Structure formats: structure tokens, C-alpha cells
Amino acid sequence: MPFTVPEPYCWDDSFMTFYDQVDNEHKGLFQIIFDVAINPICSETLKKCLDLMVAHFTYEQGVMIRANYHGFPAHKAAHDEFIGKLSRLTAPVNSDDVDFCKDWLVQHVKNFDFDYRGKL
Ligand code: FEO
């Protein structure tokens, strides 16, 4: 059963991992996807979205590696697959692709990121 995508699209307490930097970065990811949704013609916003995702995934993967987290390979593969799709998008971003990004982040945080809670 997929998790509900918030509308308006915004981070809320149901997405808490209880790691401050991760939660703060997640808030930024929700915000930048929201920004793409309201301004899909802006290539700079789309580029910033990609940059923030890459930066977040790099940070999160580093923490997982240092903690010898068992779920790292599958988690990294999920990150890499999403970056592959995101990096192929171009402005104007169509609404199906915006919806895909919105849903992906919601499902990823609650299905993948939540698994490392208390283990890093
Ligand atoms: Fe917070 Fe796995 O992205």
C-alpha cells in the first residue's frame, strides 16, 4: 500500500528519521520538488533539484557506509535509479514526471530511509 503524497507538497513530521541533518535535507528536497512543480519551465530549478538530490544521497550513503548498515547496497541502487531518471528530465518538466518525483520521494523516505532509523 503506497504512502499518501501530501498536498500541498511539503515535508511533515510523518517523514521524521530523527537524524537532524537528514531531516533538514529532506525538507529541502520536498521544497525543491514543490518548486519544480510550480515552475516546471525553469531549467535552473530542475538543475538545483538534481544537485540537492545528489548531495543528499551522497551524505546519506556516507553515513550508511560508516555505520556498516546492512541495507546499503539496495538503498544505493534505489538512489542511483532515481538519479538516472531525474538526470534525463529536461525543462519544461511534464506533470507526469513531477508526480513521479513527488511520489518517489514519499515512498523512498518511508520505505527505505525509515529502515535505517535507529541503526546509524
Ligand atoms: Fe533520504 Fe535515501 O534518501
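Just so we're clear, the structure is a prediction, and the values are computed from it rather than from any experiment. Atoms within each ligand, like the ligands themselves, are counted from 1 in listed order.
Taking atom 2 (Fe) of ligand 1 as the apex, the angle formed with NE2 of His108 and NE2 of His79 is 90°, to the nearest 10 degrees. Centred on atom 1 (Fe) of ligand 1, the OD2 atom of Asp113 and the NE2 atom of His26 lie at an angle of 80°, reported to 10°. Between the NE2 atom of His56 and the OE2 atom of Glu60, the angle centred on atom 1 (Fe) of ligand 1 amounts to 80° when rounded to 10°.
Among the candidates Lys76, Gln21, His79, the single residue satisfying the side-chain hydrogen bond (donor to acceptor under 3.5 Å, both in side chains) test with Glu60 is His79.
Within 6.0 Å of NZ in Lys47 there are 12 or fewer heavy atoms belonging to other residues, nucleotides or ligands. The local environment of CD in Glu81 is sparse, with at most 12 non-hydrogen atoms from other residues, nucleotides or ligands closer than 6.0 Å.
Annotation for Tyr116 and Tyr19: closest pair O-OH, 3.4 Å, computed over non-hydrogen atoms.
Atom 2 (Fe) of ligand 1 has an N, O or S atom of His75 under 2.8 Å away, backbone or side chain.
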